[in-house]
**Q** 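I'd like to ask you about the structure that follows.
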Amino acid sequence: METPHVIVVPYPAQGHVIPMLELSQLLVKHGIKVTCVNTEFNHHRVVSSSSSDIGEVVNMVSIPDGLEPWVDRTEMGKLSEAITRVMPGELQALITTLNRDQCPKIGCVIADWSMAWALDVAEGMGLRRAVFCPAAAATLALCFAIPKLVGDGSINDNGQASKKKMIRVSPNIPPTISNELLWASVGNEATQKIIFHMFADGARSIIKSAEFMICNSSPDLEPGAFSMLPQLKPIGPLLASNRLGKSAGYFWPEDSSCLAWLDQQPPNSVVYVAFGSFTVLDPTQFEELALGLQLTNRPFLWVVREDIIRAAGGGGGGAFPAAGFVEGKVVAWAPQQQVLSHPSVACFVTHCGWNSTIEGISNGVPFLCWPYFAEQFTNRNYICDEWKVGLGLSKDGNGIISRWELKEKVEAVLGDGGFRERALSLGGKIMDGVKNGGTSHSNFTSFIQWIKKINGHV
């Protein structure tokens, strides 16, 4: 019998590529060949930045995303329009070529939930189909609820609410303010409309075409969301530590010097600050954050991407205070899973991306929440209101999170041992779930068996 061969299609963003490659490496570990399809733009970034041997484990290939090389891929409206226009045909052509030139032939497509059009391509080619949600299950529940929300007048046909109000898709899922909905904070009105319809269309494709649905989450994190979507099976958290390997999928080279620096810090002392791959700050906010870190009078590790400052044309170093900035370490990109598992880390100032959220929870680290866009507001609601493992950071009348706000909240979250206790307890539960006999482990085993049945292995 042929080895099962699946093709995986992540959305072209850092927070989607990393968990898809975690999933891919687990599939390979269980005897399945995996071909990962990145966009041409991101393919080189992933391969050249990876500190792992990902190319020796997963077959890494690429197709065009439909945009010229110089176009800013953080302009999500342009990117999403181009993807849906160009990539379906490119994916079909790629699968046809691979099945003609390689063995074993591809039998299944695993699509990121934000690339659900790939399920339609797979169905048209007679391939089996699974969808992978790398975000919280609550985000997918929201997308599935779009017809209901439109029908009851909560939002209009373009995803907009007539006024600011609370939106609740289920009594068991935290409510969301209408201007913080998944698609409502991703740019201007035109971009929001594009993203809303991408999610609405994607939900329809998933409902119509997906034969198996998996999610990088845990029933201990989101019991309400999984009760609402019993067909969605949690298999997370997907972490490199679960398979004794290295993370892959980063768009920037990791600066591992921060690990040696952490070794020199006292236990439970370091404020770790990282905002993912999309967040940008204006120079005023950047400097206020720097001054706030000084005021905490604690060692800090701060990830400062070269493009983190809006309209600064590159590196953020020029925004640092001129003197006295000596207690911390600044890196361009960090090996985050290793950082969060380090005993010197006391708390995590985060944009609340889902990868960062589950990596922090898995290591029992309390949070200070600074969401930027998309589903990050939902994740903050989980962290602060449901799990009670962190505090939100509030903006002042000028829309700035002040140095004093940061200092006060750092002191509050570290001065109350309950935050860490709850984080450690919840982290222990979700890590137990991926062990033999846990719910996530059992769901993943069922998924492996389903894939292998495609080729008659089980």
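These values consider heavy atoms only, across backbone and side chains, with no hydrogens, waters or symmetry-generated copies. Sequence positions, counted from 1, serve as the residue numbers for this chain.
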**Q** Could you tell me which non-hydrogen atom of Leu301 sits nearest to which non-hydrogen atom of Cys258, and how far apart they are?
**A** CD1-CB, 3.7 Å
**Q** Do side-chain atoms of Asn379 reach the backbone of Cys352 as a donor and acceptor pair under 3.5 angstrom?
**A** yes
**Q** Looking at side-chain heavy atoms only, is the closest gap between Ile110 and Phe447 below 4.5 Å?
**A** yes
**Q** Looking at Ile206, is its backbone amide N or carbonyl O close enough to the side chain of Ser209 to form a donor-acceptor pair, meaning the two atoms are under 3.5 Å apart?
**A** no
**Q** Can you tell me how far apart CD (Glu90) and CG (Asp65) are? Round to the nearest 0.5 Å.
**A** 10.0 Å
**Q** Parallel, tilted or perpendicular: which fits the ring planes of Trp183 and Phe199, with parallel below 30° and perpendicular above 60°?
**A** tilted
**Q** Look only at the side chain of Ser178 and the backbone of Lys165, and say whether a donor-acceptor pair between them is shorter than 3.5 Å.
**A** yes
**Q** Closest heavy-atom contact between Pro237 and Met431?
**A** CG-SD, 3.8 Å
**Q** Would Glu405 and Lys409 count as a salt bridge (charged side-chain N to carboxylate O under 4.0 Å, His left out) here? Give the steps.
**A** CA-CA 6 Å; Glu405 169 70 3; Lys409 291 295 175 63; 2.6 Å; yes
**Q** Does the side-chain contact (heavy atoms from CB on, under 4.5 Å) test come out yes or no for Leu293 and Val349, once each step is laid out?
**A** CA-CA 10 Å; Leu293 289 172; Val349 182; 5.5 Å; no
**Q** Do other residues, nucleotides or ligands put more than 12 heavy atoms under 6.0 Å from Lys395 NZ?
**A** no
**Q** With rounding to the nearest 0.5 Å, note down the distance linking CD in Glu123 to NZ in Lys208.
**A** 4.0 Å
**Q** Can you see whether Asn188 engages Thr191 through a side-chain donor-acceptor pair at a distance of less than 3.5 angstrom?
**A** yes
**Q** Look at the rings of Tyr382 and Trp387 and say which category their plane angle falls in: under 30° parallel, 30 to 60° tilted, over 60° perpendicular.
**A** parallel
**Q** Is the closest side-chain heavy-atom distance between Pro69 and Glu40 below 4.5 Å?
**A** no
**Q** Would you confirm whether Asp112, through its side chain, and Ser114, through its main-chain N or O, come within 3.5 Å as a donor-acceptor pair?
**A** yes
**Q** Between CG of Leu239 and CD of Gln337, what distance do you get to the nearest 0.5 Å?
**A** 5.0 Å
**Q** Considering the options Phe286, Trp261, Trp333, which one meets the ring pair (Phe, Tyr, Trp, His ring centres under 6.0 Å) requirement together with Trp302?
**A** Phe286
**Q** Any donor and acceptor pair, going by atom type alone, linking the side chain of Ser185 with main-chain N or O of Ala374 inside 3.5 Å?
**A** yes
**Q** Trp113 and Phe144: aromatic ring centres closer than 6.0 Å?
**A** no
**Q** Can you sort out the partners of Arg298 under side-chain hydrogen bond (donor to acceptor under 3.5 Å, both in side chains), two or more places apart, ordered by chain and number?
**A** none
**Q** Sub-3.5 Å donor-acceptor pair from the side chain of Asn443 to the main-chain atoms of Pro234, do we have one?
**A** yes
**Q** Does a side-chain heavy-atom distance below 4.5 Å link Ile146 with Phe196?
**A** yes
**Q** Main chain of Pro299, side chain of Lys329: is a donor-acceptor contact present, judged purely on distance under 3.5 Å?
**A** no
**Q** Are the side chains of Glu359 and Val339 in touch, meaning some heavy atoms are under 4.5 Å apart?
**A** no
**Q** Checking Ser440 side chain against Gly236 main chain: does a donor-acceptor pair fall under 3.5 Å?
**A** yes
**Q** Has Asp157 got more than 12 heavy atoms of other residues, nucleotides or ligands less than 6.0 Å from its CG?
**A** no
**Q** Quick one, Gln336 with Phe348, criterion side-chain contact (heavy atoms from CB on, under 4.5 Å). Give me CA distance, side-chain angles, the key distance, then yes/no.
**A** CA-CA 11 Å; Gln336 183 160 288; Phe348 184 11; 3.8 Å; yes
**Q** Stepwise, does the side-chain contact (heavy atoms from CB on, under 4.5 Å) test hold for Ile214 with Leu23?
**A** CA-CA 10 Å; Ile214 54 175; Leu23 173 63; 3.9 Å; yes
**Q** What do you reckon, are the aromatic ring centroids of Phe373 and Phe278 less than 6.0 Å apart?
**A** yes
**Q** Does a side-chain heavy-atom distance below 4.5 Å link Thr279 with Trp370?
**A** no
**Q** Tell me whether Glu222 contacts the main-chain N or O of Ala137 through its side chain, where contact means a donor paired with an acceptor under 3.5 Å.
**A** yes
**Q** Is there a donor-acceptor pair under 3.5 Å between the side chain of Thr97 and the backbone N or O of Ala93?
**A** yes
**Q** Let me know which of Arg380, Gln376, Lys164 forms a side chain to side chain donor-acceptor pair (under 3.5 Å) with Glu180.
**A** Arg380
**Q** Assess the pair His30 and Phe444: is the distance between their ring centroids shorter than 6.0 Å?
**A** yes
**Q** If the threshold is 4.0 Å, N to carboxylate O, is there a salt bridge linking Asp72 and Lys78?
**A** no
**Q** Please tell me if the side chains of Phe212 and Cys108 come closer than 4.5 Å, counting only heavy atoms from C-beta onward.
**A** no
**Q** To the nearest 0.5 Å, how far apart are CG in Leu289 and OG in Ser402?
**A** 11.0 Å
**Q** Under 4.5 Å between any side-chain heavy atoms of Asp120 and Pro88, yes or no?
**A** no
**Q** Check whether any side-chain heavy atom of Phe275 sits under 4.5 Å from a side-chain heavy atom of Val273, and report yes or no.
**A** yes
**Q** Which heavy atom of His342 sits nearest a heavy atom of Leu259, and at what distance?
**A** NE2-O, 4.1 Å
**Q** Shortest non-hydrogen contact from Val169 to Ala145?
**A** CG1-CB, 3.8 Å
**Q** Quick check: closest heavy atoms across Leu406 and Gly292, and the distance to 0.1 Å?
**A** CD2-C, 3.7 Å
**Q** Is it the case that over 12 heavy atoms from other parts of the model lie below 6.0 angstrom from the CD atom of Gln231?
**A** yes
**Q** In Å, rounded to the nearest 0.5 Å, how long is the span from CE of Met115 to OG of Ser205?
**A** 12.5 Å
**Q** Report the residue from Val34, Val6, Asn59 that forms a side chain to side chain contact (heavy atoms under 4.5 Å, CB included) with Val28.
**A** Val34
**Q** Which heavy atom of Thr139 sits nearest a heavy atom of Leu182, and at what distance?
**A** O-CD2, 4.3 Å
**Q** Show your reasoning for whether side-chain contact (heavy atoms from CB on, under 4.5 Å) applies to Thr176 and Met166.
**A** CA-CA 6 Å; Thr176 302; Met166 298 300 295; 6.0 Å; no
**Q** With rounding to the nearest 0.5 Å, note down the distance linking CD in Gln285 to CZ in Arg403.
**A** 11.0 Å
**Q** Quick one: side-chain hydrogen bond (donor to acceptor under 3.5 Å, both in side chains) partners of Asp201, sequence neighbours excluded?
**A** Arg204
**Q** Would Arg45 pass as a cation-pi partner of Trp252, given that its NZ or CZ must be under 6.0 Å from the six-membered ring centre and within 45 degrees of the axis?
**A** yes
